[in-house]
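Below is one structure, written out as structure tokens; the observations come after it.
Along the sequence shown, residues are numbered consecutively beginning with 1.
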Amino acid sequence: MSGMGEYLWYIPNDVRAGHRGDAAAADHNSLETLTSHARALEDHGWKGALIGTGWGRPDTFTLATALTVRTTTFEPLIAIRPGYWQPAQFASAAATLDQLSGGRVRVNVVSGLDNLAAYGDAEGEQAHRYARTREFMRLVRRLWTEENVTFEGEHFRVTGSTAAPRIAPRGERRHPRLYFGGASEAAERVSATEADVQLFWGEPRGGVQERIERLKALSKALDRDLPPLEFGLRITTLVRDTREQAWADAEAKVAEMARTNGAGWHDHRQAVAEGQRRLLDLASRGDVLDDNLYTAPGKFGGGGAGTTWLVGSAADVANSLRKYRDLGITHFVLSDTPYLSEIKRQGERLLPLLRD
């Protein structure tokens, strides 16, 4: 991978208009609108986009397939959940889309809490949930790279399973990358042994560095038998022509969040997982950490990647992202709203500075 890193965006995939301050248009989630986002990503230098998941949203894999058909280079990072999918079914679906798209599939395995009963799933406590995720990731990878797979675990089993079509190796890429997040001890053990890329939320650099070192040590202690774990950052980037304008706009957004009690921003706050708790706790250390990491959004409804923002001119934000890159981050998933106009603005002004 290039030392400059890979840069993806975010497609919210939500039936509710106005997601995180986006324009509340009636056709916000139509195929035409979302295709316009994916094509703008291609035209403005982005590798692809994370597509959000969760019960109550349109099916993520279906949307990813539709957008892949309507684009030529766009790479969907498809968020999926063990339990919503069985491993063999998912391995086959992803292998099919990967073949049809010429190797453009990426996968984000999500183990956070969801409305499981709504689609007939059930999970036990945290240890059970992450043990199931570990089995899911291990089995999917085997189905992509081996034939006639027989596996009997605590949560999943297959006998004589060969997924078709077979995934064609593309250089060093043997199969779609498996991205994974989570900050709990149980989640980190899954990443250390099974993930290809560990995604972090927008924590200060010191916390990210500490977690990278811990995950590297944990990979060694747990006898990881895969290529070295890579690291990614999922964060909001608010970029304007000048530093002063960026901070004025950021503060105005937060004031509006405070006025509306975070309407449209609560999609990651129904259940506060360890990673989300870490982000929310940052506000007690100050509204601005490091050079330009804004923590105030988390006080007024910001959740997930909307909890903390990198704010500034393109040069300011690029400088901060380079510092994360110096820690070992090679995958970046950025976003701001309105999504479409920011794809273009940040593609034109921010990305060129990150490729110097």
Side-chain angles (χ1 to χ4, degrees), residues 5-54 56-80 93-94 97-98 100-108 176 179 232 234-241 246 249 253 256 263-265 267-268 304-306 309-310 314 317 331-355:
E6 291 187 340
Y7 298 90
L8 291 85
W9 194 252
Y10 173 69
I11 289 178
N13 186 31
D14 199 323
V15 296
R16 296 165 297 183
H19 183 270
R20 294 185 185 170
D22 198 15
D27 64 346
H28 71 284
N29 215 54
S30 70
L31 181 56
E32 294 305 322
T33 295
L34 296 178
T35 297
S36 73
H37 289 209
R39 288 178 175 166
L41 289 164
E42 290 184 320
D43 293 341
H44 291 83
W46 301 91
K47 193 76 172 176
L50 170 64
I51 302 177
T53 191
R57 290 181 172 188
D59 178 73
T60 312
F61 202 93
T62 304
L63 175 59
T65 301
L67 295 181
T68 301
V69 169
R70 289 189 162 211
T71 53
T72 55
T73 63
F74 170 79
E75 298 189 12
L77 175 52
I78 308 169
I80 61 101
L97 182 56
D98 198 64
L100 294 175
S101 66
R104 288 193 269 154
V105 171
R106 299 168 184 240
V107 178
N108 180 31
Y179 292 66
R234 169 74 186 102
I235 193 169
T236 295
T237 44
L238 194 152
V239 175
R240 298 293 185 267
D241 290 342
D249 286 0
K253 274 195 174 187
E256 179 65 11
W265 289 79
D267 57 317
H268 282 78
W309 309 344
L310 287 176
V317 174
H331 301 261
F332 295 86
V333 184
L334 312 179
S335 66
D336 192 23
T337 55
Y339 290 109
L340 182 57
S341 60
E342 288 303 315
I343 287 170
K344 299 174 182 178
R345 183 208 301 266
Q346 296 192 32
E348 292 170 355
R349 303 181 190 182
L350 177 63
L351 290 188
L353 300 181
L354 295 167
R355 295 188 174 116

Find the distance between [atom1] ([X]) and [atom2] ([Y]) and round it off to the nearest 0.5 Å.
X	Y	atom1	atom2	answer
K344	R349	NZ	CZ	12.5 Å
T62	L31	OG1	CG	11.5 Å
L97	F61	CG	CZ	4.5 Å
E75	L67	CD	CG	13.5 Å
L351	R355	CG	CZ	4.5 Å
D336	K253	CG	NZ	3.5 Å

Donor-acceptor contact present, side-chain [X] to main-chain [Y], <3.5 Å:
X	Y	answer
H44	R39	no
E6	K47	no
T60	I51	no
T73	E42	no
T68	A64	yes
N13	G52	yes

Quick one, [X] and [Y] - any side-chain contact, counting heavy atoms below 4.5 Å?
X	Y	answer
L63	P58	no
I80	V107	yes
W9	V333	no

Closest approach of [X] and [Y], non-hydrogen atoms and distance?
X	Y	result
A305	T236	O-OG1, 2.7 Å
L238	V317	O-CG2, 4.1 Å
Y339	P12	CE1-CG, 3.7 Å
I11	A49	CG1-CB, 3.9 Å
G56	V15	O-CG2, 3.8 Å
S36	L340	O-CD1, 3.8 Å

side-chain contact (heavy atoms from CB on, under 4.5 Å) between L334 and I235, intermediate numbers included:
CA-CA 5 Å; L334 312 179; I235 193 169; 3.8 Å; yes
Exercise. Decide side-chain contact (heavy atoms from CB on, under 4.5 Å) for D14 and D22; before the verdict, give the C-alpha distance in whole Å, the side-chain angles of both, and the deciding distance to 0.1 Å.
Key: CA-CA 11 Å; D14 199 323; D22 198 15; over 6 Å; no
- Message: As a quick check of understanding, evaluate side-chain contact (heavy atoms from CB on, under 4.5 Å) for H37 and I343, giving each step before the final call.
- Response: CA-CA 8 Å; H37 289 209; I343 287 170; 4.0 Å; yes
- Does any donor atom in the side chain of T71 or R104 lie under 3.5 Å from an acceptor atom in the other side chain? yes
| request: For the residue pair Y179 and H331, confirm or rule out a side-chain donor-acceptor distance under 3.5 Å. | output: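 Side chains of Y179 and H331: pair found under 3.5 Å.
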- Could you tell me whether E342 and R240 make a salt bridge, using a distance below 4.0 angstrom between a side-chain N and a carboxylate O?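 Yes, this pair counts.
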Distance under 6.0 Å and angle within 45° of the ring axis: does R234 meet both against Y10?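 Yes.
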